[in-house]
Amino acid sequence: MPELPEVETMCRRIAPVVGCRIGNLKRSSSPLQSILIYPRLSVFRRRVKGQTIAAISRLGKRVVLELENGERIVIEPRMTGLILLDNPPDRKHLRLIFELEGGSARQLLFWDQRGLGVVRLLSPGEFRKELGPERIGPDALRITPEILRKRLVGSRRAIKVALLDQHAIAGIGNLYASEILHRAGVHPAKPCNELKPRHWAAIHAAMRKVLQEAIRHQGSTLRDGTYRVTRDEPGNYQDKHRVYQRAGKPCLQCGAAEIVRIVQAQRSTFFCPVCQR
DNA sequence: CCCCAGTCCTGCGGGC
DNA sequence: TGCCCGCAGGACTGGG
């Protein structure tokens with residue numbers, strides 16, 4: 001599932017779309033239910049046609065394409081979405097095709113196996129209202145240790161659950177939350193308001209380390225194989241996972257304990273009962 | 001404020 | 001061998 005490192009990797013791969021002009025916008029003719037797109041396709045197409053893509057950025061787990069008129073295309077891959085320049089894994093799950101002109105990329109593709117992804121076109125006002133700093137917390141790679149602590153320390157929620165709250169801090173998903181807390185040596189069920197300054201420092205440092213390392217390895221390709229760098233190239237960070245999907249296997253840190261799986265907020269959490277207290 | 005369960009969706013793997 | 005069911009979870013919603 002694309003989280004910060006995977007979305008960052010996709011952003012870097014599709015950087016050539018900057019400077020291109022959008023031609024046609026097409027939905028693929030797959031028999032599958034089509035992904036959510038706002039506004040509806042005909043309106044979306046009319047508003048983006050002829051616009052040049054001025055900039056690309058990542059907002060937490062979303063990709064933002066800023067157009068020269070100030071409108072923004074926001075792509076949320078959610079569980080299985082992929083944003084590519086070419087060679088989608090198959091035709092069946094290809095959902096959306098932006099044809100491009102006048103630059104170094106010919107097209108921009110949105111492929112999504114499960115179809116939970118969302119693509120939106122937002123005016124500057126809509127963007128501020130729906131995805132502004134009031135709604136989306138500071139990016140996990142830009143937040144300072146002080147602000148991280150300040151935003152979460154008042155909460156009685158378990159730290160693992162809090163790290164997934166995009167309103168508090170943006171970019172962390174289920175996989176990296178477990179990896180970060182293991183690296184930090186903090187128990188995932190620990191309430192935020194019981195964590196000491198040294199814990200916050202450890203979490204902040206672990207967060208930077210894990211996310212940057214994952215970006216360097218171009219993200220994690222899981223067993224289902226949906227996330228890829230290109231059709232023929234998986235990410236590599238899955239080989240570095242210390243806890244995620246390793247229940248019953250020995251902890252790579254202490255070597256003694258077995259990794260345990262628990263459920264928090266209806267999601268799997270993996271941790272080492274010895275290294276994380 | 002926070003929690004929980006339900007919703008969307010497809011493919012996979014376990015059990016029988 | 002085939003079929004059913006549960007599971008994966010990001011973001012959101014409604015009820016408590």
Side-chain angles (χ1 to χ4, degrees), chain A residues 1-8 10 27-28 30-38 58-64 74-83 88-96 110-120 122 126-127 129-132 134-137 139-140 150-180 188-195 211 214 219-228 234 238 241 243-248 261-270:
Chain A
M1 53 270 184
E3 303 181 24
L4 188 154
E6 290 77 24
V7 177
E8 179 66 27
M10 289 194 262
R27 188 114 77 177
S28 77
S30 148
L32 293 170
Q33 177 90 23
S34 51
I35 52 126
L36 290 178
I37 164 170
Y38 299 113
R58 180 181 58 74
L59 180 68
K61 304 177 201 174
R62 298 164 166 98
V63 172
V64 179
V74 178
I75 307 174
E76 288 183 45
R78 301 224 177 151
M79 290 299 289
T80 55
L82 281 182
I83 309 162
D90 60 44
R91 302 299 295 185
K92 181 181 173 192
H93 301 94
L94 182 59
R95 311 281 180 156
L96 218 48
F110 185 65
W111 181 95
D112 189 354
Q113 185 181 85
R114 292 190 15 210
L116 295 176
V118 178
V119 178
R120 289 189 287 176
L122 299 175
E126 289 170 323
F127 184 81
K129 190 162 149 244
E130 295 181 34
L131 295 171
E134 309 274 297
R135 299 291 294 271
I136 306 292
D139 192 82
K150 206 172 278 177
R151 290 183 75 90
L152 297 180
V153 75
S155 168
R156 290 189 301 273
R157 280 188 296 180
I159 179 63
K160 152 69 162 39
V161 176
L163 286 178
L164 296 180
D165 182 355
Q166 304 300 301
H167 308 292
I169 173 171
I172 299 171
N174 202 48
L175 189 168
Y176 292 101
S178 283
E179 292 297 322
I180 288 165
K190 198 88 175 154
C192 290
N193 60 2
E194 292 177 18
L195 291 171
L211 295 176
S220 301
T221 297
L222 302 181
R223 289 199 274 262
D224 68 9
T226 49
Y227 168 75
R228 353 242 326 127
Q238 63 281 0
H241 293 176
V243 288
Y244 188 75
Q245 289 186 338
R246 291 196 65 250
R261 173 185 176 271
I262 58 172
V263 175
Q264 294 179 280
Q266 298 153 264
R267 264 157 208 129
S268 296
T269 300
F270 300 87

Participant: Give the C-alpha distance, both sets of side-chain angles, the deciding distance and a yes or no for salt bridge (charged side-chain N to carboxylate O under 4.0 Å, His left out) between K61(A) and E3(A).
Facilitator: CA-CA 5 Å; K61(A) 304 177 201 174; E3(A) 303 181 24; 5.7 Å; no

Participant: May I have the distance from K92(A) (atom NZ) to dT10(B) (atom P), rounded to whole angstrom?
Facilitator: 8 Å

Participant: Could you tell me whether a side-chain N or O of Q238(A) sits under 3.5 Å from a main-chain N or O of T221(A), the two making a donor and an acceptor?
Facilitator: yes

Participant: Ignoring hydrogens and angles, tell me if any N or O in the side chain of W111(A) forms a donor-acceptor pair with the backbone of R95(A) under 3.5 Å.
Facilitator: no

Participant: Is there a donor-acceptor contact under 3.5 Å from the side chain of N174(A) to the main chain of S268(A)?
Facilitator: yes

Participant: Whole-Å distance between dT10(B) C1' and L222(A) CG?
Facilitator: 16 Å

Participant: Is the backbone N or O of V243(A) less than 3.5 Å from a side-chain atom of E179(A), with the two atoms forming a donor-acceptor pair by type?
Facilitator: yes

Participant: May I ask you to say what T226(A) touches in the nucleic acid, namely base, sugar-phosphate or nothing, with a heavy-atom cut-off under 4.0 Å?
Facilitator: nothing

Participant: Ignoring backbone atoms, test whether H93(A) places a side-chain nitrogen or oxygen under 4.0 Å from the OP1 or OP2 oxygen of dC9(B).
Facilitator: no

Participant: Without swapping roles, check the side chain of R120(A) against the backbone of E76(A) for a donor-acceptor pair under 3.5 Å.
Facilitator: no

Participant: Dump the pairs, protein N or O against N or O of nucleotides 13-15 of chain B, anything under 3.5 Å, distances to one decimal.
Facilitator:
none

Participant: Look only at the side chain of Q166(A) and the backbone of G171(A), and say whether a donor-acceptor pair between them is shorter than 3.5 Å.
Facilitator: yes

Participant: Could you run through nucleotides 7-16 of chain C and give me one letter per nucleotide, 5' to 3': B if any protein heavy atom sits under 4.0 Å from the base, S if only the sugar-phosphate is that close, - if neither?
Facilitator: -BBBBS----

Participant: Select from G154(A) and Q113(A) the residue whose nearest nucleotide in DNA chain B is closer to the 5' end of that strand.
Facilitator: G154(A)

Participant: In degrees rounded to 10°, what angle is found between the helical axes fit to the five outermost pairs at each end of the helix from dC2(B)-dG16(C) to dC16(B)-dG2(C)?
Facilitator: 50°

Participant: What is the distance, to the nearest angstrom, from the CD atom on Q264(A) to the C1' atom on dA5(B)?
Facilitator: 17 Å

Participant: Let me know the distance between CD1 of I159(A) and P of dC2(B), rounded to the nearest Å.
Facilitator: 12 Å

Participant: Between A158(A) and D224(A), name the one whose nearest nucleotide on DNA chain B is closer to the 5' end.
Facilitator: A158(A)

Participant: Does either side chain, that of Y244(A) or that of S220(A), offer a donor lying less than 3.5 Å from an acceptor on the other one?
Facilitator: no

Participant: So does G117(A) get a backbone contact from the side chain of D112(A), meaning a donor-acceptor N/O pair under 3.5 Å?
Facilitator: yes

Participant: Rounded to whole angstrom units, what separation is found between the CG atom of D112(A) and the C1' atom of dC9(B)?
Facilitator: 8 Å

Participant: How far does NZ of K160(A) sit from OG1 of T269(A), to the nearest 0.5 angstrom?
Facilitator: 3.0 Å

Participant: Between Y38(A) and E126(A), does any side-chain donor sit less than 3.5 Å from a side-chain acceptor?
Facilitator: no

